[in-house]
Amino acid sequence: MLADLDGKDKEILLERGAELLKAFEHLAFRALRLEPAYHEKIHIDCGGYRALRFEELRMTARVAAERVQASASHSA
């Protein structure tokens with residue numbers, strides 16, 4: 001399940017590394033009394049922030065893997 005929050009004040013949710021968005025998600029898990037194993041099945045986002053952040057992390061990991069691969073091939 002994905003809930004994408006939007007509105008004129010969405011910037012407030014994304015301030016300081018999206019602290020408020022993360023807190024809101026935490027409160028939703030508590031209110032729903034979800035066990036941690038089910039947390040990955042529910043995502044609360046705001047204007048695609050988390051999706052963008054995930055893509056940035058994925059690209060960073062890909063670049064790091066390519067550097068390691070290039071470094072290994074130069075060492076051999």
Side-chain angles (χ1 to χ4, degrees):
M1 179 182 108
L2 171 66
D4 191 5
L5 307 176
D6 199 5
K8 65 180 181 173
D9 295 328
K10 70 180 180 183
E11 293 82 24
I12 294 170
L13 290 173
L14 302 178
E15 289 178 351
R16 289 181 264 155
E19 279 183 5
L20 191 56
L21 179 64
K22 293 172 189 173
F24 187 73
E25 186 173 67
H26 175 76
L27 289 174
F29 292 153
R30 297 288 300 236
L32 294 170
R33 299 175 190 228
L34 290 177
E35 295 293 324
Y38 295 102
H39 290 188
E40 66 186 40
K41 296 180 186 280
I42 295 178
H43 303 280
I44 299 177
D45 202 350
C46 180
Y49 172 83
R50 289 188 181 232
L52 179 62
R53 184 74 184 120
F54 178 76
E55 186 59 32
E56 288 173 350
L57 289 172
R58 202 174 91 182
M59 290 179 72
T60 300
R62 186 179 334 157
V63 168
E66 289 171 359
R67 286 183 182 165
V68 168
Q69 208 170 31
S71 165
S73 67
H74 287 121
S75 299

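All of these numbers come straight from a predicted model, not from anything done at the bench. Below, all heavy atoms of this structure are taken into account, side chains as well, without hydrogens, waters or symmetry copies.
- Under a cut-off of 6.0 angstrom, the local environment of CD in Glu11 is crowded, with over 12 non-hydrogen atoms contributed by other residues, nucleotides or ligands.
- Sorted by first and then second residue, the side-chain hydrogen bond (donor to acceptor under 3.5 Å, both in side chains) pairs with a member in residues 19-32 read Glu25-Arg50; sequence neighbours excluded.
- The nearest pair of heavy atoms linking Lys10 to Gly47 is NZ-CA, 4.3 Å.
- Residue pairs meeting the side-chain hydrogen bond (donor to acceptor under 3.5 Å, both in side chains) criterion with at least one member in residues 56-68, sequence neighbours excluded: Arg53-Glu56.
- Apart from Leu57 itself, the hydrophobic cluster it occupies contains nothing, where clustering links Ile, Leu, Val, Met, Phe, Trp and Tyr at side-chain heavy-atom distances under 4.5 Å.
- Alongside Leu5, the hydrophobic cluster contains Ile12, Leu13, Leu14, Leu20, Leu21, Phe24, Ile44, Tyr49 (criterion: ILVMFWY side chains under 4.5 Å).
- Under the rule for a side chain to side chain contact (heavy atoms under 4.5 Å, CB included), the partners of Ile42 that lie at least two apart in sequence or sit in another chain are Met1, Phe29, Leu32, Leu34.
- Sorted by first and then second residue, the side-chain hydrogen bond (donor to acceptor under 3.5 Å, both in side chains) pairs with a member in residues 36-48 form an empty list; sequence neighbours excluded.
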